[in-house]
Every structure is written in C-alpha cells, then in structure tokens.
Protein chains: 2
Amino acid sequence: MTGTAALPADDRPASGGLVERAVTALTRHIRDNRLGPGDPLPGESAFALELGVSRAVVREAFRSMAMLKLIDIGNGRRPRVCAIDRSVLGIVLDHAVQTDQTSIQQIYDVRRTIELRTAALAALRRDATEAERITALAAAMRADFVDAAKVMEHDIAFHEAVAAASRNPLFAVLVGAFEVITRQTWPIGWSSRANDAQRMASIEGHEAIARGIAAGDPRAAEAAMAEHFDASVMALLAAGVT
Amino acid sequence: MTGTAALPADDRPASGGLVERAVTALTRHIRDNRLGPGDPLPGESAFALELGVSRAVVREAFRSMAMLKLIDIGNGRRPRVCAIDRSVLGIVLDHAVQTDQTSIQQIYDVRRTIELRTAALAALRRDATEAERITALAAAMRADFVDAAKVMEHDIAFHEAVAAASRNPLFAVLVGAFEVITRQTWPIGWSSRANDAQRMASIEGHEAIARGIAAGDPRAAEAAMAEHFDASVMALLAAGVT
DNA sequence: TCCGACGACCTGTCTGGTAGGTTCGGCCAT
DNA sequence: ATGGCCGAACCTACCAGACAGGTCGTCGGA
C-alpha cells in the first residue's frame, strides 16, 4: 500500500536540497509554460535570482538536466528545451553492464522483444523511401562483406532505419540506446561465427527482414527478425558471452 | 559515412568542457576498477585535485551522474556506485510527453510490446512466491474495487510484480519507468469506462493474466495481457487520449 | 564488552571574480 | 533599401576561498 515515494518529478517544492528543488522548479517551468523542443529558458542568473539561491546551485541543476538531455546548455548560449535523445538510456545501460547489474543476454532479450515489434510495424507503416533505405543498407552489408567495421556500421544503421520506419519515436530511442552495447558485442559475434558462410548467413537474415518490410508483410518481417536474433544470440553464447 | 560521433562514453579524455571530462574520468574510474553497486568512490576534493580542476566542476559532474542514478551522493556521505534505477527513464519519458515529443498511444504501444513478453516470461520463470503475489494483487484489485486509488496502486504493483517475475532486471526497469505515465493516464482510463461492469472486466483481465502465470502457461498469459492492453488502449481512446 | 560522545573529514552552499563565447542591433558598403 | 560586418552587452565556464552542517570512525567510560 501507499507507494507515494520516489517521484522526484513534481511534488511540493519544499523537499531535499536546493539543487533538487531547482530541478523540480525548472521542470515545472517547462510543464506550466507548455514549452517544446527548442523553446528558450531563463538564464541561470535569472533563475538563481527567482529562486533566491546562488548561481552554483542553479548551475548544478541545469547541468543535471542537460545530462538527461532534458535541456540543452552551452557556453554563451541560452538554455533551451532539448529534443528526446537516445544517448541517456544508452549510458545507463552501459553502466548497468559495466557494473555487472545485468547480462548481455538479458539485454538481447529486451532488444529482441522490441525489434520484433519494430520489424512488424515497419512492414505496416514504412513508406517507399524507408523501404528503399532499409533494402539498401542490407545490400551495403553484402557489398562491404570483407570489411567488418563497415558491416557493423551498416548493421547498426539497418536496425535504426527499421526502428525509424516503425513511426514510433520511442522505439527509435530504445533501439538507438542499444547502440553502445552493440558496438561492444558485435565484433564478438562476428568473429565467433565459424566461417564466411555463417557470416554471410547473417547478412542474408538482414536481407530477409528487408524483403519482409519492403513487401509490407509484418509476419514475414517479424519472423525474419526473430531468426536473425536467435542466430545472433547463439553466436554470442558460442563465444562465451552470457 | 562512419558515424564515429555521438558517444560521450569513453573516448580520449580531451574534448568538450571540463565537466564533461570529469564525467568521463569518473566513468572510466568505475569501469577500470570494476566497481559494482555500493562500492565507494573518491571524494570530490580528491577527484578535483587529481584532475586539476576546481571542486565546482567535479561537483557538477558528480551531480550529473547522480541524476542518472549512476552514483549515489549525499551530504557527508562518500559517493558510491548506485544500483540500476527505473526513475531515470521515467523522468525522460515524462519529459517527452510533456513537451509533445511523443503521444500516450505510442507509449502504450511500447508498453504493450514489453509487457506481453514479461507476461510470457513470468509464466515460464515465476516461482511459487511470485505467482502467489501476482494472484494476490489481482485479488486485491477486486477487493478494493470501490476505491479507485487503491485499485490503481494494486494495478501498478501487479504489472511490476509480473515484470519482476520475468527474472530480467531490464524488463523490470522498463515497466517501472512507465509508472510515472501510468499514474497520469490510469484515472482517465478508469473513469472513461462506461459502468462498473466494464471496470470489473478490467480486473478480470488481470485475474486472467495471473491465472496464466500461475499455471505456467506463457501463451495464455501473453494472450490475456494482450487483451488487457487492447481494452486499456480502447478506454483511453474513448476518453480522447491520443 | 558494549555504548556513547568526540573529532576528523566530507559535502552543501555562498560570495565574488576572470576569461571567453554568443547574440543582436546598428552601421557601413553595395 | 538591403545585406554583410562589427562591436558591445550579456551570458556561460571556471576558479578560489570560506563556512555551516552531516557522517562516520574511533576512543574512552560504564
């Protein structure tokens, strides 16, 4: 009963340290004035004066919110509301892995769950340009087959293109958040495949996903994505990544 | 091409402002020393001395990482590595909604995708205690039917219990992140249902999920969860929430 | 042996100041 | 009249020092 704790969002403004109070005040300011991405915010001096605290306190508050990509700050520039950004979740995920709070396999389970959905949605919602881009990225993987680094870049771009085609920015953010982890695990999976035939099979998997999306067949796209993920997880398991 | 940009994680330590450099230095410190949750960190004075910057800079860096729940700070306490926390993503999601960067329906699509999986996983992995707790929470919703606030608390606890039973902390974090949004939308959906029969149907949906999980039937649990989400989305749509 | 008080250490906050970047309006040239 | 240039006002980035209050280990007494 009563889980009224934990929310630092916008309770009564009198709790915790001054910095925390400044953060909630700034959050309220954005909400109450219905500000959107790009809209300007009061400078730190003005905010410090308004709250009756020192500039150092407001600076810490602004910096914290900038770290969460809620606002955008910079030397001489006036603070502005920031557009949604994937890097935050990426940093958190990376930290969770680095501190052994979660495993790579657990991350891949989440990724698989999300990307099965993005594949299906992309098949339903993609326009011609998106379908072309996705197909082109799969083709690029095949074309640059000998250069692992390039294949990885195409691979990452492929998954993000699929997510973008799902027309849900949240999915795009989530998929983008996995990029940090993917850059660490991808080379392991690539080199753990026994031979070039297996590596090429991975690329064919991407092509199958692209075909399903281009054809507007959500079932096929989802199935191909599932197969692709199963193969990737298997490759990582074979390399001893748990 | 080659998108080597964007990662503030751990490139060469000479880029951007001093605060950013301090953040990457602290991140590296945690990674290089393989620190886990609860492990102590150098104090801000020590860190300032080591980096050759003022204490204010280090303070902003520490505060930023505390905002991301990567570290834990407090008056007089020495900084420590922090356990993974759901509130960060919740704040970001709330901000995205408040600034009209994403819609409630888009969030529910993501939630549905994730919770379908947690229901299936919970059916496969839950132990007796977890099954009992999930069943008990569904029963509590029925028992407190007349008190909407209590029903909401049970509802939220129910979904988090299911996520916990999936035995993947990432799913628990993601589901927990939606709590902030749920607290805003839940009353809308509840009151948008035409009569008590429809409201009770929602509770019966939870009971069906609980039965599937308790029976260890992932298909049934997933199907019940899907039905539950469809009903919720419909109720929100009926209330004009897009 | 256990418990409480004390002190060293640390963080939270403030003040005041310097350097360097941004922005915007006015002015000059076309 | 218009478009580009320039400078002044404003703002942020960072620094140094200081003080109040909280935490935690330690030492002495019961």
Side-chain angles (χ1 to χ4, degrees), chain A residues 8 11-27 29-30 33 35 37-83 85, chain B residues 8 11-27 29-30 33 35 37-83 85:
Chain A
D11 261 316
R12 67 195 82 79
S15 71
L18 295 185
V19 176
E20 191 177 338
R21 231 173 296 180
V23 169
T24 71
L26 185 49
T27 304
H29 176 89
I30 293 174
N33 295 63
L35 301 182
D39 289 340
L41 293 155
E44 42 183 54
S45 321
F47 222 79
L49 209 63
E50 182 183 333
L51 293 177
V53 297
S54 78
R55 247 178 70 238
V57 170
V58 177
R59 274 190 64 75
E60 286 184 29
F62 273 49
R63 176 75 66 177
S64 297
M65 296 192 63
M67 191 82 171
L68 283 176
K69 297 295 171 68
L70 304 186
I71 66 175
D72 188 36
I73 63 177
N75 192 336
R77 268 197 317 279
R78 105 180 273 183
R80 294 178 179 282
V81 177
C82 192
D85 189 282
Chain B
D11 262 316
R12 67 194 84 78
S15 71
L18 295 186
V19 176
E20 191 176 337
R21 232 175 294 180
V23 169
T24 71
L26 184 50
T27 304
H29 175 89
I30 293 174
N33 294 64
L35 300 183
D39 290 340
L41 293 154
E44 42 184 53
S45 322
F47 223 78
L49 209 64
E50 183 185 332
L51 293 177
V53 298
S54 77
R55 203 162 70 92
V57 170
V58 176
R59 274 191 64 75
E60 286 184 30
F62 273 49
R63 176 77 65 176
S64 297
M65 296 190 65
M67 192 81 170
L68 285 175
K69 298 295 171 69
L70 303 187
I71 66 174
D72 189 36
I73 63 178
N75 193 339
R77 271 199 314 280
R78 99 178 281 180
R80 293 179 181 280
V81 177
C82 191
D85 188 282

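By convention in this document, chain letters (A, B, ...) are assigned in the order of the sequence lines, proteins followed by strands, and residues within each chain are numbered from 1.
- Side-chain contact between A:R80 and A:D39 is absent, with no heavy-atom pair separated by less than 4.5 Å.
- B:V58 has its side chain within reach of B:V53: a pair of non-hydrogen atoms, C-beta onward, lies under 4.5 Å apart.
- With sequence neighbours left out, the side chain to side chain donor-acceptor pair (under 3.5 Å) criterion links A:D85 to A:S87.
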Listed pairs, N/O of protein and of nucleotides 7-10 of chain D, under 3.5 Å:
none

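- Among residues two or more places apart in sequence or in another chain, the side-chain contact (heavy atoms from CB on, under 4.5 Å) test is passed with A:A66 by A:I71, A:I73.
- Remark: A:R63 engages B:E60 in a salt bridge (charged side-chain N to carboxylate O under 4.0 Å, His left out) (not counting sequence neighbours).
- Listed by residue number, A:R55, A:R59 are the residues of residues 47-61 of chain A with a heavy-atom contact under 4.0 Å to DNA chain D.
- Residue B:L18 contributes atom CG, which lies 11 Å from atom P of D:dA16 at whole-angstrom precision.
- Evaluation of the ring-ring contact (aromatic ring centres under 6.0 Å, His included) test over residues 49-77 of chain A, restricted to residues two or more places apart or in two chains, returns A:F47-A:F62.
- A:A46 pairs by the side-chain contact (heavy atoms from CB on, under 4.5 Å) definition with A:P42, not counting sequence neighbours.
- With rounding to whole Å, A:F62 atom CZ is found 16 Å from D:dC14 atom P.
- Using a 4.0 Å cutoff to heavy atoms of chain A, the contacted part of DNA chain C runs 5' to 3' from C:dT13 to C:dT23.
- Per the geometry, CZ belonging to B:R78 stands 16 Å off C1' belonging to D:dG22, to the nearest Å.
- Residue pairs meeting the side chain to side chain donor-acceptor pair (under 3.5 Å) criterion with at least one member in residues 42-52 of chain B, sequence neighbours excluded, are B:E44-B:R55, B:E44-B:R59.
- In this view, A:N33 and A:H29, A:L35 satisfy the side-chain contact (heavy atoms from CB on, under 4.5 Å) rule, not counting sequence neighbours.
- Applying the side chain to side chain donor-acceptor pair (under 3.5 Å) test to A:R78 and every residue at least two apart in sequence or in another chain returns nothing.
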